[in-house]
Amino acid sequence: APVPLNEAGAAQSAQLGRYLAAHGPYFDTLYASPLLRAMQTAQAIASAVKMPIVPEPRVVEVDLGDWQGLTRAEAEIWDTDRYAAYRAAMPHDPTPNGESWLAVRVRVRAAFDDLSQRHAGQTIALVSHGGTIGQLITSLFGEIKRPTLTNTSITLLARDTPESAWNLARVAWTPHLNGGDSLGETW
């Protein structure tokens, strides 16, 4: 949904941009979901590191269809039978008139593989959404226990060579928030 960042989100995005500018550059190219809040976050980064943003529509958040804008609890109350059926069939079945988590996983992995191949030997930044990033992690490493992917957190995927397997180097890392405390984990 075209929901803008709130005041806290804008402040976190600005902190991330300043952190990356002070400690980088970490990346050669900056991609972002074209959804408004991701683009606003990417703009804060782009302004700080003096780099253009390349929109990447394949990394948008899951399309919740009829349930867009509802919390899980609201969807369950408003659409009880379809919600129960959806929960029983996750991640394979889509939300009503929406998208399945499996479809998101396939979509984001295809984008990731394409961008990785296109930028072999380079480092790319990808501003996306928690659910989408979670599905990318699952596509690469299977279901793993991980911390919550909080707003503006950094997840770092690395490999030694373009032929090497990917490693989950950091997940949900937030050195730019909370006085510099890192909330994420090193893997």
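What's counted below: heavy atoms across the whole structure, side chains too, no hydrogens, waters or symmetry copies. Residue numbers run from 1 in the order of the sequence given.
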Residue pair [X] / [Y]: nearest heavy atoms and the distance that separates them:
| X | Y | result |
| --- | --- | --- |
| Ile154 | Pro175 | CD1-CD, 4.3 Å |
| Ala48 | Gly17 | CB-O, 3.1 Å |
| Ala32 | Val59 | C-CG2, 4.3 Å |
| Thr29 | Gln122 | OG1-OE1, 4.4 Å |
| Asp93 | Ala89 | OD2-CB, 3.0 Å |
| Phe27 | Leu30 | CE1-CB, 4.2 Å |

Before giving the answer on side-chain contact (heavy atoms from CB on, under 4.5 Å), spell out for Leu168 and Thr155 the whole-Å C-alpha distance, their side-chain angles and the decisive distance to 0.1 Å.
-> CA-CA 8 Å; Leu168 187 55; Thr155 294; 3.8 Å; yes
Neighbour count >12 (heavy atoms, 6.0 Å) for atom CZ, Arg72 =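 It does not: Arg72 CZ has 12 such atoms or fewer within range.
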Check for a donor-acceptor pair, side chain of [X] on one end and backbone N or O of [Y] on the other, with a separation under 3.5 Å.
| X | Y | result |
| --- | --- | --- |
| His23 | Tyr19 | yes |
| Arg107 | Val60 | yes |
| Asp63 | Gly65 | yes |
| Gln43 | Met39 | no |
| Ser116 | Phe112 | yes |
| Arg37 | Gln40 | no |
| Asp28 | Thr123 | yes |

In Å, rounded to the nearest 0.5 Å, how long is the span from [atom1] of [X] to [atom2] of [Y]?
| X | Y | atom1 | atom2 | value |
| --- | --- | --- | --- | --- |
| Asn151 | Ser13 | CG | OG | 8.0 Å |
| Glu56 | Ile124 | CD | CD1 | 9.0 Å |
| His176 | Thr174 | NE2 | OG1 | 6.0 Å |
| Leu149 | Ile137 | CG | CD1 | 5.0 Å |
| Glu99 | Leu64 | CD | CG | 9.0 Å |
| Tyr83 | Trp78 | OH | CH2 | 13.5 Å |

Inspect the contact between Glu76 and Arg87 and indicate whether a charged nitrogen and a carboxylate oxygen are less than 4.0 angstrom apart.
->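 Salt bridge flag = no for Glu76 with Arg87.
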Does some side-chain heavy atom of Leu140 sit less than 4.5 Å from a side-chain heavy atom of Arg109?
->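 SC-SC contact between Arg109 and Leu140 confirmed.
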side-chain hydrogen bond (donor to acceptor under 3.5 Å, both in side chains) contacts touching residues 125-135 (sequence neighbours left out) |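 Pairs touching residues 125-135 that pass the test: Ser33-His129, Glu61-Thr132, Arg105-Gln135.
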What about [X] and [Y], same hydrophobic cluster or not, with Ile/Leu/Val/Met/Phe/Trp/Tyr joined at side-chain heavy-atom distances under 4.5 Å?
| X | Y | answer |
| --- | --- | --- |
| Ile53 | Tyr26 | yes |
| Leu20 | Val127 | yes |
| Val108 | Ile144 | yes |
| Tyr31 | Ile133 | yes |
| Leu102 | Val62 | no |

Does the side-chain contact (heavy atoms from CB on, under 4.5 Å) test come out yes or no for Asp66 and Thr95, once each step is laid out?
-> CA-CA 7 Å; Asp66 294 348; Thr95 58; over 6 Å; no
Leu156 and Trp173: CA distance, side-chain angles, deciding distance, side-chain contact (heavy atoms from CB on, under 4.5 Å) verdict | CA-CA 8 Å; Leu156 179 62; Trp173 186 41; 5.9 Å; no
